[in-house]
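Reading through the structure tokens given below for one structure.
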Amino acid sequence: QLQLVESGGGLVQPGGSLRLSCAASRFTLDYYAIGWVRQAPGKEREGVSCISNSSGMTNYADSVKGRFTISRDRAKNTVYLQMSSLKPEDTAVYYCAARGRLCPIEPEGYKYDYWGQGTQVTVSS
């Protein structure tokens, strides 16, 4: 089965930037729609962003529009989430996830079939 491996989390100051990576072995991520989902302790999962497989169409949660960018590097079989102007409320465990071919119409945190292990992002001064 598809196995996703995440990296890039860490501690960053408010206003700073961080890039998360999602990679897979054996399988080609281009076949899948790839999403980023975050969850803070005691809170529901929140869809952050998603990129479709072929068209590259993307969506973003209102809370991150203009600050986060999702992208694919097809040569490296990797999907990235570039996060800028980070805020304390962005603190959460971030997961990359895969589903079918198309993203949900709106960002959401549950309609995925495969999940990475999660990487902690902490935004604090």
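- Closest of all the heavy-atom pairs between I70 and S49 is CG2-OG, 3.2 Å.
- Scanning all heavy atoms of the two residues, the minimum distance from S17 to S85 falls at OG-N, 4.4 Å.
- Looking at V37 and W115, their side chains come closer than 4.5 Å, going by heavy atoms from C-beta outward.
- Under a cut-off of 6.0 angstrom, the local environment of CD in Q120 is crowded, with over 12 non-hydrogen atoms contributed by other residues, nucleotides or ligands.
- You'll find the side chain of L20 stays beyond 4.5 Å of the side chain of Y95, heavy atoms only.
- Note on V12: it clusters hydrophobically with W36, by side-chain heavy-atom contacts below 4.5 Å among ILVMFWY residues.
- Of all heavy-atom pairs between C50 and P104, the closest is SG-CD, 4.1 Å.
- Hydrophobic cluster membership is shared by Y114 and Y31, with clusters built from Ile, Leu, Val, Met, Phe, Trp and Tyr side chains linked at under 4.5 angstrom.
- Note that the OG atom of S125 and the CG atom of L11 stand 9.5 Å from one another [nearest 0.5 Å].
- With contacts defined as side-chain heavy-atom distances shorter than 4.5 Å, the pair Y110/E44 qualifies.
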With side-chain contact (heavy atoms from CB on, under 4.5 Å) as the test, would you mind laying out the steps for K87 and V64 before giving the verdict?
CA-CA 10 Å; K87 305 174 181 179; V64 306; over 6 Å; no
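- Using a 4.5 Å cut-off on side-chain heavy atoms (C-beta onward), N77 and T28 make contact.
- Between S21 and K76, the closest side-chain pair of non-hydrogen atoms is not below 4.5 Å.
- Across every non-hydrogen atom of N59 and I105, the tightest pair is ND2-O, 3.9 Å.
- Side chains of E89 and V123 form no contact here, defined as non-hydrogen atoms less than 4.5 Å apart.
- We find the CZ-OG1 distance between R19 and T69 to be 12.0 Å, quoted to the nearest 0.5 Å.
- Grouping the Ile, Leu, Val, Met, Phe, Trp and Tyr side chains by contacts below 4.5 angstrom, directly or via other members, places V79 with L18.
- For the pair D90/M83, no side-chain contact is recorded, criterion being any heavy-atom separation below 4.5 Å from C-beta on.
- Here the straight-line distance linking atom CG of N53 with atom CZ of R72 works out to 6.5 Å at 0.5 Å rounding.
- Across all their heavy atoms, A24 and L4 have their closest contact at CB-CD2, 4.2 Å.
- Between the side chains of Y32 and R101, no donor-acceptor pair of N or O atoms lies under 3.5 Å.
- Between R38 and Y94, the side chains place a donor N or O and an acceptor N or O closer than 3.5 Å (distance only, hydrogens not considered).
- Side-chain atoms of S7 and T119, non-hydrogen and from C-beta on, never get closer than 4.5 Å to each other.
- When all heavy atoms are compared, the tightest approach of A40 to A92 is N-CB, 3.9 Å.
- A salt bridge between K65 and D62 is present, with a side-chain N of the basic residue lying under 4.0 Å from a carboxylate O of the acidic one.
- Cluster annotation: F68 is connected to I51 through the hydrophobic network of ILVMFWY side chains, with a link wherever side-chain heavy atoms come within less than 4.5 Å.
- The environment of Q117 atom CD is dense: over 12 non-hydrogen atoms of other residues, nucleotides or ligands sit within 6.0 angstrom.
- Grouping the Ile, Leu, Val, Met, Phe, Trp and Tyr side chains by contacts below 4.5 angstrom, directly or via other members, places Y60 with V121.
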